[in-house]
Colleague: 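Quick one: the structure is below, and I'll ask about it shortly.
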Amino acid sequence: MSQKPSIPKGTRDFLPSDVAKRSYLFSVIRSVYEKHGFLPIETPSFELSSTLMGKYGDEGDRLIFRILNSGDKMKKADLQALDAGNLPKFASSLSEKALRYDLTVPFARFVAQHQNDITFPFKRYQIQPVWRADRPQHGRYQEFYQCDGDSIGSDSLLNEVEFIQIIDSVLTQLAIPAFTIKINNRKILSGIAEVCGEAHHLIAITVALDKMDKIGSAGVITELESKGLSQGAIDKISPLFSLKGTPEEQLDLMEKYLSSSVVGLKGIDELRYVFETITAIGVQEAKIEFDVTLARGLNYYTGAIFEVKVDNVNMGSICGGGRYDDLTATFGLSGVSGVGISFGADRIYDVLEELNLFPKNVSLSLSVLFVNLGQKESLVSMQLAKELRSNGIDCEVYPSAVKLQKQLKYANDRGCAWVVIIGEEELQNQQLSLKNMESGEQLKFAITNFISEFSKL
RNA sequence: GAGGUUGUAGCUCAGUUGGUUAGAGCGUCGGUUUGUGGUACCGAAGGUCGCGGGUUCGAGACCCGUCUCCCUCCCCA
């Protein structure tokens, strides 16, 4: 025996039944995007390292899969940097390409590069795999699909509202029983940092606040202390831990809290508009919350931020996103604001599986199998199969004339509804036997009118 | 990147204080008189016990290393 076959950690094979369920999931997401007028694009699996590096913060950079240079390009290795102990520089000299880490940054590159070929506001969706050198865990893979939708070139808050609608539609259609869309605004977080006189600690504050539901208020305070925030600043922040009431009430409270911060108040205004608008339009199943402790790590967000969680299921967020004001600037196109979301297809899949929400009919089955009992017989089968297919019925002819028993077992395993038997006897009478695999009943038809008779069944 | 945990047939797992040819169920394949599946009965194939080293007369069991699985943190979909 050879070595036991295996695949890299954090990756998976998909069996036919898995693929059927995955395509169902993708088709729901795709159809919702298309209903909202989004256009599909695709970008390469790998990008130039320079496109990706530095866009996701230090943590993100660490998780980017880098592609080793091949052939002569290996000679570009910076051995001096190696000798000097400068491993990052040495690594960069060895690798000029990297697997994409998400779909947003490649999209920003795409927009800047094709700015003359697209009409703004440009709304695109993109369903492709991304790769992260993360440690695999529950709901966490090294290769997984994101289903992004972004609207770029419009700073209207109606875009934010539309994304809430899209999330609501997708998850409602997938029959997820209870889910919550959490919303916050980066400007509010900036305002908080300003109000407590710790504007330079913005990142530390947001990261700490983000852990609220995990480590509790005491944990957040400890974290803030360890980041060197003054006691006065911490006292100023702690009232935020216990914000209560409807989103509107919370926003009112926050408005007072942020009264001295221009940015903060702008954030409040934006969110208030989004909440009012979506309330006026109405949603299907989504619960929408304002959550000041929602931060999100990605450095490029500047306005609204979203995160979606399924209630009562142990799974990280299944969708996230937000507004980024100038992401395309690093690619030479400035003054263009965008907002987008990303569904984590694999996490949603796991949730649907856990809650048993996949529709029964997504499994792949075969309508008709023609049993093969010899050369002359199978020729007739092939002709009939061709006709059936042109009538929109899926069918196949068993490739070899093995024992009937085995062929029926095959039909059974394939979930076949009907089996057509044409043997010597049938051929002589110009007939065929049609077996119903569920009831076991068998009918006889003349070969010549089988097609028309079958479509009546 | 830090910590914990797991690793025996394709899958799910047994394997007693280290002791002969490592077991079961499911699945797979074959058969139960040659053209009738899903049930039943009979039978077979399939494992250098994750990999490498060590302790021992003897290791699937003990020790070290390594990889992997799953989990927590970090971060995130």
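Naming: A, B, ... by sequence-line order, numbering from 1 per chain.
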Colleague: Could you please spell out the steps behind the side chain to side chain donor-acceptor pair (under 3.5 Å) verdict for A:Tyr141 and A:Asp350?
Modeller: CA-CA 12 Å; A:Tyr141 305 99; A:Asp350 289 347; 2.6 Å; yes
Colleague: State which residues pass side chain to side chain contact (heavy atoms under 4.5 Å, CB included) with A:Lys97; sequence neighbours excluded, sorted by chain then number.
Modeller: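 Testing A:Lys97 for side chain to side chain contact (heavy atoms under 4.5 Å, CB included), a comparison that skips the adjacent residues, returns A:Phe46, A:Ile67.
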Colleague: Could you pull out all donor-acceptor pairs under 3.5 Å where a side-chain atom in residues 437-446 of chain A meets a protein atom, sequence neighbours excluded?
Modeller:
| from | atom 1 | to | atom 2 | distance (Å) |
| --- | --- | --- | --- | --- |
| A:Ser439 | OG | A:Glu441 | N | 3.2 |
| A:Ser439 | OG | A:Glu441 | OE1 | 3.4 |

Colleague: Answer with base, sugar-phosphate or nothing: what part of the nucleic acid does A:Gly10 contact at a heavy-atom distance below 4.0 Å?
Modeller: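 If one applies the 4.0 Å heavy-atom cut-off, A:Gly10 turns out to touch the sugar-phosphate alone, with no base involved.
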Colleague: What's the gap between B:G58 and B:U17 when it is taken at their C1' atoms, as a whole Å value?
Modeller: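 Taking atom C1' in both B:G58 and B:U17, they lie 16 Å apart.
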Colleague: Restricting to side-chain hydrogen bond (donor to acceptor under 3.5 Å, both in side chains), what partner residues turn up for A:Arg132, sequence neighbours left out?
Modeller: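 A:Arg132: no side-chain hydrogen bond (donor to acceptor under 3.5 Å, both in side chains) contacts found.
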Colleague: Examine the base of B:C76 for any acceptor or donor lying under 3.5 Å from a partner atom in the side chain of A:Arg347, and report the outcome as yes or no.
Modeller: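 Such a pair is found, so the answer is yes.
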Colleague: What contact category does A:Cys416 fall into here, base, sugar-phosphate, or nothing, at under 4.0 angstrom with non-hydrogen atoms?
Modeller: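 Result for A:Cys416 = nothing.
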Colleague: What is the per-nucleotide protein-contact pattern of nucleotides 38-43 of chain B, from the 5' end, where B denotes a base atom under 4.0 Å from a protein heavy atom, S denotes such proximity for sugar-phosphate atoms only, and - denotes neither?
Modeller: B-----
Colleague: Mind checking what makes side chain to side chain contact (heavy atoms under 4.5 Å, CB included) contact with A:Glu270, not counting sequence neighbours?
Modeller: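 Partners of A:Glu270 under the side chain to side chain contact (heavy atoms under 4.5 Å, CB included) test: A:Leu157, A:Asn185, A:Lys187, A:Lys266.
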Colleague: Can you sort out the partners of A:Ala417 under side chain to side chain contact (heavy atoms under 4.5 Å, CB included), two or more places apart, ordered by chain and number?
Modeller: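 Once residues adjacent in sequence are excluded, A:Ala417 has no partner under the side chain to side chain contact (heavy atoms under 4.5 Å, CB included) criterion.
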Colleague: Base, sugar-phosphate, or nothing: which does A:Lys309 touch, judged by heavy atoms less than 4.0 Å apart?
Modeller: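 A:Lys309: no heavy atom of the nucleic acid under 4.0 Å.
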Colleague: Would you mind telling me which of B:G1, B:U36, B:C76 lies closest to the side-chain atoms of A:Arg132?
Modeller: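 Nucleotide nearest to A:Arg132's side chain: B:C76.
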Colleague: For a quick test of your reading: what N or O donor-acceptor pairs under 3.5 Å do the side chains of residues 373-388 of chain A make, sequence neighbours left out?
Modeller:
| from | atom 1 | to | atom 2 | distance (Å) |
| --- | --- | --- | --- | --- |
| A:Ser378 | OG | A:Gly374 | O | 3.0 |
| A:Ser378 | OG | A:Gln375 | O | 3.0 |
| A:Ser381 | OG | A:Glu377 | O | 3.3 |

Colleague: Enumerate the protein-to-nucleotides 32-35 of chain B contacts in which both atoms are nitrogen or oxygen and the separation is below 3.5 Å.
Modeller:
| from | atom 1 | to | atom 2 | distance (Å) |
| --- | --- | --- | --- | --- |
| B:G35 | O6 | A:Glu424 | N | 3.3 |
| B:G35 | O6 | A:Glu425 | N | 3.1 |
| B:G35 | O6 | A:Glu426 | OE1 | 3.2 |
| B:G35 | N1 | A:Glu426 | OE1 | 2.8 |
| B:G35 | N1 | A:Glu426 | OE2 | 3.2 |
| B:G35 | N2 | A:Glu426 | OE2 | 2.9 |

Colleague: Could you state the atom-to-atom distance from CG of A:Leu15 to C1' of B:G10 in whole Å?
Modeller: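 Spelled out: CG on A:Leu15 to C1' on B:G10 is 12 Å.
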Colleague: Of all residues at least two apart in sequence or in a different chain, which pass the side chain to side chain contact (heavy atoms under 4.5 Å, CB included) check with A:Ser31?
Modeller: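 A:Ser31: side chain to side chain contact (heavy atoms under 4.5 Å, CB included) contacts with A:Gln173.
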Colleague: On a whole-Å scale, what distance lies between the P atoms belonging to B:A59 and B:G50?
Modeller: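 Here B:A59 and B:G50 have their P atoms 15 Å from each other.
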Colleague: For nucleotides B:U72 and B:A40, find the distance between their P atoms and express it as a whole number of Å.
Modeller: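 After rounding to an integer number of Å, I get 40 Å for this pair.
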Colleague: So for A:Lys9 and B:U68, does any side-chain atom that can act as donor or acceptor lie under 3.5 Å from a complementary atom in the base?
Modeller: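 Under the 3.5 Å cut-off, the side chain and the base do not form any donor-acceptor pair.
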Colleague: What does A:Gly139 touch in the nucleic acid at a heavy-atom separation under 4.0 angstrom: a base, only the sugar-phosphate, or nothing?
Modeller: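 Base contact.
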Colleague: Expressed as a whole number of angstroms, how long is the span from A:Ile181:CD1 to B:A77:P?
Modeller: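 Checked: the CD1 to P distance equals 16 Å.
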Colleague: Would you indicate what A:Tyr145 reaches in the nucleic acid, counting non-hydrogen atoms under 4.0 angstrom: base, sugar-phosphate, or nothing?
Modeller: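 A:Tyr145: no heavy atom of the nucleic acid under 4.0 Å.
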Colleague: Taking only Watson-Crick and G-U wobble pairs with both distances under 3.5 Å, what dot-bracket line describes RNA chain B, where [ ] shows pairs that cross earlier ones and | shows pairs with another strand?
Modeller: ((((..(..((((.....[...)))).(((((.......))))).....(((((..]....))))))..))))....
Colleague: With the stacking rule set at 5.5 Å and 30°, tell me whether A:Tyr410 counts as stacking on B:G37.
Modeller: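 No; by the centre-distance and plane-angle rule, A:Tyr410 does not count as stacking on B:G37.
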Colleague: Write down the distance separating the P atoms in B:G15 and B:U6, rounded off to the nearest Å.
Modeller: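 Taking atom P in both B:G15 and B:U6, they lie 14 Å apart.
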Colleague: Between P on B:U36 and CG on A:Asn372, what's the gap in Å once rounded to a whole number?
Modeller: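 Value for this atom pair: 16 Å.
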Colleague: Phosphate oxygens OP1/OP2 of B:C70: is one of them under 4.0 Å from a side-chain N or O of A:Gln137?
Modeller: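 No.
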Colleague: Nearest whole Å is fine: how far is B:G1 P from A:Leu63 CG?
Modeller: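 Value for this atom pair: 10 Å.
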Colleague: When the distance from CD of A:Glu307 to C1' of B:A77 is rounded to whole Å, what number comes out?
Modeller: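 Computing the A:Glu307:CD to B:A77:C1' distance gives 10 Å.
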Colleague: Using side-chain hydrogen bond (donor to acceptor under 3.5 Å, both in side chains) as the criterion, list what pairs up with A:Glu354, not counting sequence neighbours.
Modeller: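 Testing A:Glu354 for side-chain hydrogen bond (donor to acceptor under 3.5 Å, both in side chains), a comparison that skips the adjacent residues, returns none.
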Colleague: Using the six-membered ring of A:Phe38, assess whether NZ or CZ of A:Arg124 lies under 6.0 Å from its centre and within 45 degrees of the ring axis.
Modeller: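 No, A:Arg124 does not sit over the ring of A:Phe38.
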Colleague: Which residue lies toward the 5' end of RNA chain B, A:Ile7 or A:Glu441, if each is placed at its nearest nucleotide?
Modeller: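 Comparing both residues, the 5'-ward one is A:Glu441.
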Colleague: If you measure from the C1' atom in B:C64 to the same atom in B:U28, how many Å do you get, rounded?
Modeller: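 Straight-line distance between the two C1' atoms is 39 Å.
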Colleague: Hey, does the side chain of A:Lys406 come within less than 4.0 Å of B:U36's phosphate (OP1/OP2), counting only N and O?
Modeller: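 A:Lys406 to B:U36 OP1/OP2: no side-chain N or O under 4.0 Å.
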Colleague: Determine the interatomic distance between P on B:G38 and the same-named atom on B:G27; round to the nearest Å.
Modeller: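 Roughly 12 Å separates the two P atoms.
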Colleague: Does A:Asp311 pair with A:Lys287 as a salt bridge, N-O distance under 4.0 Å?
Modeller: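 A salt bridge is present here (some side-chain N lies under 4.0 Å from a carboxylate O).
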Colleague: A:Leu408 has a side chain; which of B:G37, B:A77, B:C70 sits nearest to it?
Modeller: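 In terms of side-chain proximity for A:Leu408, the closest of B:G37, B:A77, B:C70 is B:G37.
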Colleague: Say we look at B:C74 and B:C63: how far apart would their P atoms be, to the nearest angstrom?
Modeller: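 My reading of the P atoms in B:C74 and B:C63 gives 32 Å.
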Colleague: Please confirm whether A:Arg323 makes a cation-pi placement over A:Tyr301, using NZ or CZ under 6.0 Å from the six-membered ring centre and within 45° of the ring normal.
Modeller: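 Verdict for A:Tyr301: no cation-pi partner in A:Arg323.
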Colleague: Could one point to a donor on the side chain of A:Arg140 or the base of B:A77 with an acceptor on the other under 3.5 Å away?
Modeller: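 No pair found.
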Colleague: May I have the distance from A:Asp134 (atom CG) to B:C70 (atom P), rounded to whole angstrom?
Modeller: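 From A:Asp134 CG to B:C70 P: 13 Å.
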Colleague: CG of A:Leu369 versus P of B:U36: gap in Å, rounded?
Modeller: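 Distance, rounded to whole Å: 16 Å.
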Colleague: Considering only the C1' atoms, how many Å lie between B:G7 and B:C13, rounded to the nearest integer?
Modeller: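 It works out to 13 Å between them.
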Colleague: What integer distance in Å separates A:Lys435:NZ from B:G37:P?
Modeller: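 Those two atoms, NZ and P, are 7 Å apart.
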Colleague: Applying side-chain hydrogen bond (donor to acceptor under 3.5 Å, both in side chains), name anything that partners A:Tyr410, two or more places apart in sequence or on another chain.
Modeller: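 Result, side-chain hydrogen bond (donor to acceptor under 3.5 Å, both in side chains) vs A:Tyr410: A:Glu396.
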Colleague: Can A:Arg12 and A:Asp18 be counted as an ion pair, charged N to O under 4.0 angstrom?
Modeller: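 No, A:Arg12 and A:Asp18 are not salt-bridged.
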